[in-house]
Amino acid sequence: MGSGSGVLRACHPEPTVAVTVLVTALAAASGRSVQACVLIGAAVLCGQLSVGWCNDVVDAARDTAAGRADKPLAAGTAAERTVAAAAAAALASCVVLSLAAGRWAGAAHLTGVAAAWAYNLGLKRTAASWVPYALAFGLLPAFVTLGLPGRPWPPAWAMAAGGLLGVGAHFTNVLPDIDADLAAGVRGLPQRLGRRRSRVLAPLPLLAASAVLVLGPPGPVGRAGWAALAVTSGLAAATTAATSRGARTAGRLPFLATLAMAVTAVGLLVLHGGSLVSA
């Protein structure tokens, strides 16, 4: 048995909505038509839904054994068969919608979705756990631009920033659950590095993404760019300082700081959306 709300929670709604809004906003900023933005947003939404539901189905046994009351399948508020069916339906819809946005654009997006599924199905337990995030996020600008006439690839700075943002998102997402993951035998790169070192390293790819987004696009940087870079640099320094004083002193500051850095980097990416096809 289960409920509709349980199935909804199993899709990881927060990151699902965040990534969908990011890519749709990026498409709008790059000059895509309203119809194209809606199609791109629907494809990304279906892809993210499939990834979230797949994740909870794969982790169901481990979450149940760990008594994860925050996980719908472990808590019994969603049925595993229902969530698995939802994941399959969302994936099928993602394939159709992605290819409707253009053959090459669809291939780029589906490669990223495949990478995310590969993470769920095993790569999350290896030292290469960061690779699917880097690939999936790095290809998001390509999904936006390859559907345009002439099928232009986005500039290298956009894909590099997307990849770095993905790695930063991986570390940020894992930080709160490192101890529980280790107890469950999940040994991705952040878990292998340990909580302390991961807290220090988590801000670095986000800081690098911000630097790429400030210095990479054509034209003068401007005050907003320098201000964003100053903010991310300050947050990175604060995180490192807090971590160096020990876990008790640091508390949730590293997680919150890296989350703020991720938001800043996303804002910069959308701000430079118009440069995706003019650079």
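Worth knowing before you read on, the calculation uses all heavy atoms, side chains too, and leaves out hydrogens, waters and symmetry mates. All of these numbers come straight from a predicted model, not from anything done at the bench.
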key: Rounded distance [0.5 Å steps], CH2 in Trp130 versus CG in Leu189   = 8.5 Å
ask   = Is a donor on one side and an acceptor on the other found under 3.5 Å between the side chain of Trp53 and the backbone of Ala85?
value = no
note = Between Ala209 and Ala265 the two heavy atoms that sit nearest each other are CB-CB, 4.5 Å
request  = Indicate yes or no: at least one non-hydrogen side-chain atom of Trp153 is less than 4.5 angstrom from one of Met159.
outcome  = yes
ask   = With hydrophobic residues grouped by side-chain heavy-atom distances under 4.5 Å, do Val95 and Leu139 end up in a single group?
value = no
inquiry  = Quick check: do Leu206 and Leu164 have side-chain heavy atoms less than 4.5 Å from each other?
reply    = no
key: Close side-chain approach of Arg199 to Phe171, heavy-atom, < 4.5 Å   = no
ask   = Taking all atoms of both residues into account, what is the closest heavy-atom pair of Leu146 and Ala108, and its distance?
value = CD1-CB, 4.0 Å
query = Any idea which heavy atoms bring Val167 and Ala134 closest together, and the distance?
reply = CG2-CB, 3.8 Å
ask   = Honestly curious: do Leu276 and Val212 fall in one hydrophobic cluster under the side-chain, below-4.5 Å linking rule?
value = yes
Any side-chain heavy-atom pair of Thr77 and Arg9 under 4.5 Å = no
inquiry  = Checking the side chain of Asn120 only, and the main-chain atoms of Val51 only, is there a donor and an acceptor separated by less than 3.5 Å?
reply    = yes
ask   = Would you say the side chain of Gln48 lies within less than 4.5 Å of the side chain of Val44, judging by non-hydrogen atoms?
value = yes
message = So which atom in Ala115 and which in Pro132 form the shortest heavy-atom distance, rounded to 0.1 Å?
response = O-CB, 3.2 Å
remark   = In this structure, NE2 of His170 is separated from CG of Leu175 (nearest 0.5 Å) by 10.0 Å
task = Mind checking the CG-NZ spacing from Asp181 to Lys124? Nearest 0.5 Å is all I need.
result = 7.0 Å
key: Partners passing side-chain hydrogen bond (donor to acceptor under 3.5 Å, both in side chains) against Ser50 (at least two apart in sequence or in another chain)   = Trp117
ask   = Which atom pair, heavy atoms only, marks the closest approach of Val113 to Gly47?
value = CG2-CA, 4.2 Å
message = Could you report the tightest heavy-atom contact between Ala84 and Val57, atom names first, then the distance?
response = N-CG2, 3.8 Å
task = Anything under 30° is parallel, anything over 60° is perpendicular, the rest tilted; go ahead and classify Phe143 against His109.
result = parallel
ask   = Distance-only, no hydrogens or angles: does the Thr145 side chain make a donor-acceptor pair with backbone N or O of Pro152 under 3.5 Å?
value = yes
Ser129 side chain reached by Leu123 side chain, heavy atoms, under 4.5 Å = no
ask   = Is Ser210 reaching over with its side chain to a backbone N or O of Thr232, donor-acceptor style, under 3.5 angstrom?
value = no
key: Check: Arg32 and Val144 side chains under 4.5 Å, non-hydrogen atoms   = yes
task = Would you give the length of the straight line joining atom CG of Leu268 to atom CG of Leu229, rounded to the nearest 0.5 angstrom?
result = 8.5 Å
inquiry  = Are more than 12 heavy atoms, taken from residues, nucleotides or ligands other than Arg103, located less than 6.0 Å from that residue's CZ atom?
reply    = no
key: Pairwise distance OG(Ser198) to CZ(Arg192) - rounded to 0.5 angstrom   = 12.0 Å
inquiry  = Starting from Ile40, can I reach Leu26 by hopping between I/L/V/M/F/W/Y residues whose side chains sit under 4.5 Å apart?
reply    = yes
inquiry  = When you group the ILVMFWY residues by side-chain heavy-atom contacts below 4.5 Å and let the links chain together, are Leu45 and Leu97 in the same group?
reply    = no
request  = Tell me, yes or no, whether the heavy-atom count around Gln35 atom CD, taken from other residues, nucleotides or ligands under 6.0 Å, exceeds 12.
outcome  = no
task = Flag yes if Val19 and Val266 sit in one hydrophobic cluster, no otherwise; membership is Ile, Leu, Val, Met, Phe, Trp, Tyr, and two members link when side-chain heavy atoms are under 4.5 Å apart.
result = yes
key: Test side-chain contact (heavy atoms from CB on, under 4.5 Å) applied to Leu73 and Asp63, step by step   = CA-CA 8 Å; Leu73 293 181; Asp63 290 339; over 6 Å; no
message = Quick test of your reading of the model: are Asp59 and Lys71 salt-bridged, counting only N-O distances below 4.0 Å?
response = no
request  = Check whether any side-chain heavy atom of Ser233 sits under 4.5 Å from a side-chain heavy atom of Leu207, and report yes or no.
outcome  = yes
Spacing of Leu193 atom CG and Arg187 atom CZ [to the nearest 0.5 Å] = 10.0 Å
request  = Please report the C-alpha distance between Tyr133 and Asn173 in whole Å, then the side-chain angles of each, then the deciding distance to 0.1 Å, and finally whether the side-chain contact (heavy atoms from CB on, under 4.5 Å) criterion is met.
outcome  = CA-CA 11 Å; Tyr133 275 84; Asn173 184 56; 3.7 Å; yes
